[in-house]
Amino acid sequence: LWPWLLASSGLSALVQLVTLPFFPDSPSYLLIQKGNEEACRKAIRKLWGEGDHQAEIDDILKERGAMASTKTLRVLEVIKEQSLRWQLYILMTVMTTLQLCGINAIYFYSFEVFHTAKFEEYLIPYMSLGVGLCECLSSILCSTLIDRFGRKVLLWGGYTLMCSVLALLTMTLSLQHRFFWMHYFSVILIFLFVVFYGIGP
């Protein structure tokens with residue numbers, strides 16, 4: 001079954017490869033990069049149907065004017081630019097915490113964690129599949145929550161809950177030889193960690 005599950009990801013790639021030539025180019029690309037207003041109008045009609053789309057074209061033209069007056073900075077210039085310093089710090093902090101939050105350990109070592117939790121070996125691949133499904137569902141849930149609560153609240157809440165879950169997981173894995181029910185609690189914590197990761201970071 002697993003070879004078929006792995007091969008199934010190639011099906012969506014094949015569908016994209018076959019259908020991509022039939023999709024129109026982006027109207028903003030055609031107007032801003034290529035300077036072809038007629039092709040832009042044609043692409044807009046193909047995407048949004050017939051009608052008056054002058055307002056959208058005016059927006060793209062404003063964007064082109066704004067881009068023309070903006071200087072393109074190189075990497076070193078971005079680092080040296082004082083006005084971009086805080087944005088750079090925030091970006092580096094978010095990306096660093098994303099890499100060090102523990103999700104990679106959960107993905108790469110979930111088999112060992114489930115095995116340590118004394119689950120039957122034939123059940124472990126299905127539980128790993130459940131972890132992936134958990135992240136997929138929580139990402140869908142995040143798209144509805146982000147408009148209501150904002151990115152900052154989800155980031156703070158997600159990281160706080162993930163830290164709490166990792167602390168509890170360390171404790172449950174250490175105590176599972178004393179209590180028979182502790183390994184079930186460990187698995188629940190793994191799933192909760194993935195859900196909080198999908199909703200937050």
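Only heavy atoms go into these numbers, but all of them, side chains included; no hydrogens, no water, no symmetry mates.
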Within the distance-only criterion (no hydrogens, no angle test), does the side chain of Ser12 pair as donor or acceptor with the backbone N or O of Ser8 below 3.5 angstrom?
no
Working to the nearest 0.5 Å, report the span between [atom1] of [X] and [atom2] of [Y].
X: Phe23; Y: Gln16; atom1: CZ; atom2: CD; result: 9.0 Å
X: Leu168; Y: Cys163; atom1: CG; atom2: SG; result: 11.5 Å
X: Leu98; Y: Thr93; atom1: CG; atom2: OG1; result: 12.0 Å

Is it true that Glu81 and Arg85 make a salt bridge, defined as a side-chain N closer than 4.0 Å to a carboxylate O?
no
Can you check side-chain contact (heavy atoms from CB on, under 4.5 Å) on Glu56 and Trp48, steps first, answer last?
CA-CA 11 Å; Glu56 287 82 3; Trp48 297 328; 3.5 Å; yes
To check you understand the geometry: which heavy-atom pair defines the closest contact between Ile60 and Ser28, and what is its length?
CG2-CA, 3.9 Å
Stepwise, does the side-chain contact (heavy atoms from CB on, under 4.5 Å) test hold for Gln99 with Asn104?
CA-CA 8 Å; Gln99 290 300 314; Asn104 291 329; 4.0 Å; yes
Between the side chains of Ser138 and Tyr197, does any donor sit under 3.5 Å from an acceptor?
no
Check whether the side chains of Gln54 and Arg41 place a donor and an acceptor atom closer than 3.5 Å, and report yes or no.
yes
Of all pairs that satisfy ring-ring contact (aromatic ring centres under 6.0 Å, His included), the ones with a partner from residues 61-81, not counting sequence neighbours
none
Begin from the C-alpha positions of Val131 and Phe191 and carry the test side-chain contact (heavy atoms from CB on, under 4.5 Å) through to its verdict.
CA-CA 6 Å; Val131 169; Phe191 279 92; 4.1 Å; yes
